Amino acid sequence: MNKLKKCLFPAAGYGTRFLPATKAIPKEMLPVLTKPLLQYGVEEAIEAGLETMAIVTGRGKRSIEDHFDISYELEHQIKGTSKENYLTEIRSVINACTFSYTRQVEMKGLGHAILTGETLIGNEPFGVVLADDLCDCEREGVLTQMVNIYEKYKCCVVAVEEIPKEESKKYGVISGDVIKDESYKAGALVRVNDMVEKPEPQDAPSNLAIIGRYILTPDIFEVLRDTQPGKGGEIQITDALLEMAKIGKVVAYKFDGKRFDCGSVDGFVEATNYFYEKIQA
Ligand code: G1P
């Protein structure tokens with residue numbers, strides 16, 4: 001199977017939990033310190049060796065395209081001043097990869113957003129990053145860790161973390177059989193055989209929740225085309241992945257690192273404080 005080169009960023013959602021901030025600004029552009037959430041995700045993908053960022057946008061998301069582009073006026077204004085280095089990081093992101101965009105015309109769920117991205121991905125495996133799950137890892141980024149697993153197992157990979165069971169309603173929850181692999185901590189890899197989107201705690205198959213990092217093989221598109229609306233009347237990637245799991249093609253990975261739910265105000269504030277303390281240290 002091909003080497004991973006592309007990363008899909010579903011970024012068409014409304015971000016209603018952050019209104020009124022997200023009335024005219026996409027939620028993916030909200031900054032943690034001085035950097036938009038989406039840029040953290042793109043940097044993580046670049047670190048993992050991915051070269052093409054495929055972004056599924058929607059109405060009102062033009063600032064995403066402008067962010068990952070040169071602003072000649074701004075560059076001209078600050079050229080030769082001490083402010084020039086504020087742009088160094090974003091400039092190196094722009095130089096390290098290419099961006100492609102498509103629009104999700106109707107909001108029919110994460111599965112539908114991923115299927116909308118097929119035109120940008122084609123017939124190859126790809127990473128998926130939900131930018132509002134912001135991750136920080138000591139050594140390798142989550143996607144880098146997952147690419148290594150994909151290269152060994154050649155199947156879909158989902159990142160999971162342990163959650164208190166009462167929070168199951170916020171996540172896709174998986175269960176399966178632990179894979180014995182000497183290269184990983186005991187219990188870090190699970191061959192998934194069940195997954196449920198946002199179950200009630202009593203219906204959750206375990207306490208392992210999917211966070212917004214996936215590696216998917218292109219056969220997921222065929223499955224998504226046949227996936228009926230599930231939880232919330234939306235086409236769920238969790239339901240499509242369950243079909244792949246039934247034939248043994250999904251591995252869940254308890255990643256090494258911290259993750260912040262920047263889709264919630266609490267998680268966003270926590271991430272901001274964490275990254276602020278980190279730069280002070
Ligand atoms: C999505 C997925 C869910 C996953 C979560 C991770 O839900 O549908 O399975 O656990 O992302 O953040 P959302 O947060 O978009 O409602």
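Quick note: numbers below take in every heavy atom, side chains included, and nothing from hydrogens, waters or symmetry partners. Whatever order the structure lists them in is the order used to number ligands and atoms, beginning at 1. Please read all numbers here as calculations on a predicted model, not as lab measurements.
- Within the listing of ligand 1, atoms 6 (C) sit less than 4.0 angstrom from a heavy atom of G212.
- Between Y40 and F260, the ring centre distance reaches or exceeds 6.0 Å.
- The nearest protein atom to atom 13 (P) of ligand 1, hydrogens excluded, is given as K198 NZ, 3.6 Å; this is a heavy-atom distance.
- Centroid-to-centroid, the aromatic rings of Y150 and Y253 stay 6.0 Å apart or farther.
- Protein heavy atom nearest atom 12 (O) of ligand 1, with residue, atom name and distance: D133 OD2, 2.7 Å.
- A209 does not count as a contact of ligand 1, since none of its heavy atoms falls under 4.0 Å from the ligand.
- Neither side chain, S264 nor D266, offers a donor N or O lying under 3.5 Å from an acceptor on the other.
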Apply salt bridge (charged side-chain N to carboxylate O under 4.0 Å, His left out) to the pair K169 and E200, showing each step before the final yes or no. CA-CA 6 Å; K169 280 200 295 201; E200 293 295 328; 3.8 Å; yes
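- Side-chain N/O atoms of Q77 and E73 include no donor and acceptor closer than 3.5 Å.
- Protein heavy atoms are absent from the space less than 4.0 angstrom from atom 15 (O) of ligand 1.
- E118 has a carboxylate O that lies under 4.0 Å from a charged side-chain N of R225, or vice versa, which qualifies the two as a salt bridge.
- Shown are E166, E162, E167; of these, the side-chain contact (heavy atoms from CB on, under 4.5 Å) with N207 is made only by E162.
- In terms of protein heavy-atom proximity, atom 4 (C) of ligand 1 is nearest to I210 O, 3.6 Å.
- Of the protein's heavy atoms, E197 OE2, 2.6 Å lies nearest to atom 8 (O) of ligand 1.
- In terms of N/O distances under 3.5 Å, ligand 1 is not approached by Y171.
- Nearest protein heavy-atom neighbour of atom 11 (O) of ligand 1: L130 CD1, 3.4 Å.
- Of all atoms in ligand 1, listed by their number and element, those nearer than 4.0 Å to a heavy atom of T238 are 9 (O).
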